[in-house]
Novice: 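The structure is given below, and queries will be raised subsequently.
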Amino acid sequence: VVRLDEIQKIFRGKIAIGEPLKEYTWFRIGGPADYYCEPADREDVVNIVGYFQKQHFPFLILGKGSNVLVSDDGIRGAVINLGNCLSSVHAEGNTVYAEAGVTIVRFVDFCVQRGLKGVEMLAGIPGTIGGALIMNAGAYGGEISDYLVDVELLNNGVIELRKKTEITFSYRRSGFRNEVILGAGFTLPQGNKEEVVQIRKDLLLKRNRTQPTNMPNSGSMFKNPEGNFAARLIEQAGLKGTRIGGAQISEKHANFIVNHGDATARDVMGLINLAKKKVFENNGIHLELEVKLLGFDDSVEKGRTA
Ligand SMILES: Cc1cc2nc3c(=O)[nH]c(=O)nc-3n(C[C@H](O)[C@H](O)[C@H](O)COP(=O)(O)OP(=O)(O)OC[C@H]3O[C@@H](n4cnc5c(N)ncnc54)[C@H](O)[C@@H]3O)c2cc1C
């Protein structure tokens, strides 16, 4: 059990009880968190995580909420939002250090402005460094782990510097468990500034042409099965444009589900289950979710690894 007056003694950031999470997810979907915390700074992050761990109180971390579906019942436990703090980025030569709350957009811009190459293709990913490392986010042939050197994290209350070689990364997957990512270092090759600026521009235009960027969504819902594309399989199953309540399989890109404004997590789950069932019937392929389901179980820990 946790107590608000106790938390306020060690925590200077924003704290709210029963805060609706739809405000903090890209999908604009999600019920209330029992406790919702926005740390003021790094010390606050360390203190609040330490407090919840000591009390054995379940908590989960949110970045920009761009790769999650939060249930309509919300989260039993606490949500610590790092999307608005831990936002410093600096460079020493070709090495860039970014805190976990730095957006990918800002990180890429920081690198591109210095003519550093290797991350320009990630520019349109709407999350944070922390969320991108958990997901091993990637696009157009690049992944956030490509030029990673090390990650600073909180592991059971202890701040640790973990080398890339000690972490496993694969397609949209990382080997982190319950660690809280505080920041990361990347060493990037020197490139030509005009060239990387142009690549970023071209790929952002391509993204806008092919993805439904004008409606709330959560990016690709499913991972691409080996040698295939989830979007193609869903389209072949005749599901493009299918609607349940306020949620719809995008007309523009079948691996995206869009929110028409009043979609519930239940509507989205209906479409997820329909796509899984039809694709399996058609092709014998089990689609695996890329989006993380949060709060679909009593335990937030389970949600995190779902
Ligand atoms: C329009 C759109 C386009 C997208 N395009 C792409 C794309 O091209 N490629 C791609 O890979 N993804 C894409 N995504 C998905 C998403 O943006 C990425 O996965 C992103 O990196 C998630 O970052 P986030 O900060 O939003 O994480 P969140 O969604 O907030 O969290 C994701 C997971 O990471 C955990 N987490 C977040 N921060 C931390 C931290 N500091 N410490 C520990 N755990 C943490 C959360 O608990 C959760 O399990 C897209 C999404 C949208 C909406």
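In each ligand, atom 1 is the first atom listed, and ligand 1 is the first ligand listed.
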Novice: Answer yes or no: does an N/O atom from Arg172 fall short of 3.5 Å to an N/O atom of ligand 1?
Specialist: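 By distance alone, the answer is yes.
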Novice: Between the side chains of Arg76 and Asp34, is the shortest nitrogen-to-carboxylate-oxygen separation below 4.0 Å, so that they form an ion pair?
Specialist: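 Yes, this pair counts.
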Novice: Can you find an N or O of Gly138 that's nearer than 3.5 Å to an N or O of ligand 1?
Specialist: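 Yes, at least one N or O pair falls under 3.5 Å.
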Novice: Of the listed options (Val291, Ile125, Ile129), which comes nearest to atom 7 (C) of ligand 1 when hydrogens are ignored and any heavy atom counts?
Specialist: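 The residue whose heavy atom sits nearest atom 7 (C) of ligand 1 is Ile125.
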Novice: Tell me whether Ala139 has any N or O atom under 3.5 angstrom from an N or O of ligand 1.
Specialist: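 Between Ala139 and ligand 1, no N or O pair is found under 3.5 Å apart.
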Novice: With heavy atoms of Val68 as the reference, note each atom of ligand 1 found under 4.0 Å away.
Specialist: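 Contacts of ligand 1 toward Val68, numbered from 1: 29 (O), 31 (O).
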Novice: Does only the side chain of Met135 get under 4.0 Å from ligand 1, or the backbone, or both, or neither? Count heavy atoms.
Specialist: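 Within the 4.0 Å criterion, Met135 contacts ligand 1 through side-chain atoms alone.
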Novice: Under 3.5 Å between some N or O of ligand 1 and some N or O of Lys292?
Specialist: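 No; every N/O pair is 3.5 Å or more apart.
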Novice: Would you mind listing which atoms of ligand 1 come within a distance below 4.0 Å of any non-hydrogen atom of Asn217?
Specialist: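 Listed by number with element: 1 (C), 2 (C), 52 (C), 53 (C).
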Novice: I'd like to check which ligand 1 atoms, numbered from 1 as shown, lie under 4.0 Å from a non-hydrogen atom of Pro126.
Specialist: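 Close to Pro126: 2 (C), 3 (C), 4 (C), 17 (O), 50 (C), 51 (C), 52 (C), 53 (C).
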Novice: Is Glu143 close enough to touch ligand 1? Criterion: a residue heavy atom under 4.0 Å from a ligand atom.
Specialist: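 No, Glu143 has no heavy atoms under 4.0 Å from ligand 1.
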Novice: Establish, from distance only, whether the side-chain atoms of Glu290 and Ser220 form a donor-acceptor pair under 3.5 Å.
Specialist: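 The criterion, which ignores hydrogens and geometry beyond distance, is not satisfied for Ser220 and Glu290.
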Novice: Return a yes/no value for Gly219: is any of its N or O atoms, backbone included, closer than 3.5 angstrom to an N or O of ligand 1?
Specialist: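 No, since none of the N or O atoms of Gly219 sits under 3.5 Å from an N or O of ligand 1.
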Novice: Is Ala100 touching ligand 1 with its side chain, its backbone, both, or neither, if touching means heavy atoms under 4.0 Å apart?
Specialist: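 Side chain only; the backbone of Ala100 stays clear of ligand 1.
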Novice: What do you reckon, are the aromatic ring centroids of Tyr24 and Tyr36 less than 6.0 Å apart?
Specialist: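 Here the rings of Tyr36 and Tyr24 have centres that are less than 6.0 Å from each other.
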Novice: Quick one: does ligand 1 sit under 4.0 Å from the side chain of Arg207, the backbone, both or neither, non-hydrogen atoms only?
Specialist: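 Side chain only; the backbone of Arg207 stays clear of ligand 1.
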Novice: Can you list the atoms of ligand 1 that are under 4.0 Å from a heavy atom of Ala132?
Specialist: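 Every atom of ligand 1 under 4.0 Å from some heavy atom of Ala132: 21 (O), 23 (O).
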Novice: Quick check: are there more than 12 heavy atoms from other residues, nucleotides or ligands sitting under 6.0 Å from CD of Glu281?
Specialist: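 Yes.
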Novice: Based purely on interatomic distance, does Gly65 place a nitrogen or oxygen under 3.5 Å from a nitrogen or oxygen of ligand 1?
Specialist: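 In this structure, Gly65 places an N or O atom under 3.5 Å from an N or O of ligand 1.
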Novice: State the atoms of ligand 1, each with its element, that fall below the 4.0 Å cut-off from a heavy-atom position in Glu179.
Specialist: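 Near Glu179, the atoms of ligand 1 are 43 (C).
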Novice: Counting only nitrogen or oxygen atoms and a 3.5 angstrom limit, does Thr128 reach ligand 1?
Specialist: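 For ligand 1, there is an N or O atom that lies under 3.5 Å from one belonging to Thr128.
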Novice: Below a 4.0 angstrom heavy-atom separation, can you tell me which part of Leu153, side chain or backbone, both or neither, approaches ligand 1?
Specialist: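 For Leu153, there is no contact with ligand 1 at all, from either part.
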Novice: Taking the six-membered ring for Trp, are Phe57 and Tyr51 closer than 6.0 Å centroid to centroid?
Specialist: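 Between Tyr51 and Phe57, which both carry aromatic rings, the centre distance is not below 6.0 Å.
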Novice: Is the closest N or O pair between Leu62 and ligand 1 shorter than 3.5 Å?
Specialist: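 No: no nitrogen or oxygen of Leu62 is under 3.5 Å from one in ligand 1.
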Novice: Measuring from atom 37 (C) of ligand 1, which candidate in Gly124, Gly83, Gly131 has the nearest non-hydrogen atom?
Specialist: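 The option holding the nearest heavy atom is Gly131.
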Novice: Numbering the atoms of ligand 1 from 1, which are under 4.0 Å from a heavy atom of Gly63?
Specialist: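 The atoms of ligand 1 under 4.0 Å from a heavy atom of Gly63 are 25 (O), 28 (P), 30 (O), 37 (C).
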Novice: For Phe107 and Phe186, take the angle between the two ring planes, folded into 0 to 90°, and tell me which bin it lands in: parallel under 30, tilted 30 to 60, perpendicular over 60.
Specialist: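 It falls in the tilted class, 30° to 60°.
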Novice: As a check for students: among Asn136, Val45, Ile61, identify the option with a heavy atom nearest to atom 40 (C) of ligand 1.
Specialist: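 Closest candidate by heavy-atom distance is Ile61.
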Novice: Does NZ in Lys223 sit with more than 12 non-hydrogen atoms of other residues, nucleotides or ligands closer than 6.0 Å?
Specialist: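 Count over threshold, so yes.
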Novice: Quick test of your reading of the model: are Lys14 and Glu19 salt-bridged, counting only N-O distances below 4.0 Å?
Specialist: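 Judged by the 4.0 Å cut-off on N to carboxylate O distance, Lys14 and Glu19 do form a salt bridge.
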Novice: Does the pair Arg162/Glu152 count as a salt bridge with the N-to-O cut at 4.0 Å?
Specialist: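 Looking at Arg162 and Glu152, the cut-off is not met.
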Novice: Atom CZ of Phe11 and atom CZ of Phe52: how far apart are they, to the nearest 0.5 Å?
Specialist: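 With rounding to 0.5 Å, CZ (Phe11) is 7.5 Å from CZ (Phe52).
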Novice: Using the six-membered ring of Tyr171, assess whether NZ or CZ of Arg173 lies under 6.0 Å from its centre and within 45 degrees of the ring axis.
Specialist: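 Relative to the ring axis of Tyr171, which defines the angle, Arg173 lies outside at least one limit.
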Novice: We want to know whether Thr95 and Thr187 form a side-chain donor-acceptor pair, criterion being a heavy-atom distance below 3.5 angstrom.
Specialist: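 There is such a pair (donor and acceptor under 3.5 Å, judged by atom type) between the side chains of Thr95 and Thr187.
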Novice: For the residue pair Ala139 and Met121, what are the closest heavy atoms and their distance?
Specialist: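 So the minimum-distance heavy-atom pair works out to O-CG, 3.1 Å.
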Novice: Find all atoms of ligand 1 within a distance of less than 4.0 Å from any non-hydrogen atom belonging to Leu82, and give their numbers and elements.
Specialist: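 Those qualifying, in numeric order: 41 (N).
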Novice: Do the side chains of Arg28 and Glu23 get close enough for a salt bridge, i.e. N-O under 4.0 angstrom?
Specialist: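 Glu23 and Arg28: not salt-bridged.
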Novice: Atom NZ of residue position Lys201 - does it have more than 12 heavy atoms of other residues, nucleotides or ligands inside 6.0 Å?
Specialist: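 Check fails, neighbour count at 12 or below.
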Novice: Ignoring angles and geometry beyond distance, decide whether Asn67 reaches within less than 3.5 Å of ligand 1 through its nitrogen or oxygen atoms.
Specialist: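 Yes; at least one N/O pair falls below 3.5 Å.
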Novice: Inspect the contact between Glu251 and Arg243 and indicate whether a charged nitrogen and a carboxylate oxygen are less than 4.0 angstrom apart.
Specialist: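 A salt bridge is absent here (no side-chain N lies under 4.0 Å from a carboxylate O).
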Novice: Below 4.0 angstrom from a heavy atom of Ala137, which ligand 1 atoms are there? Numbered from 1 as shown, please.
Specialist: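 Once the distances to Ala137 are compared, the set is 10 (C), 11 (O), 21 (O).
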Novice: Ignoring angles and geometry beyond distance, decide whether Leu60 reaches within less than 3.5 Å of ligand 1 through its nitrogen or oxygen atoms.
Specialist: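 No; the residue has no nitrogen or oxygen that sits under 3.5 Å from a nitrogen or oxygen of the ligand.
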Novice: Please classify the Ser220 to ligand 1 contact at 4.0 Å (heavy-atom distances, strictly less than): side chain, backbone, both or neither.
Specialist: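 Neither; nothing of Ser220 gets under 4.0 Å from ligand 1.
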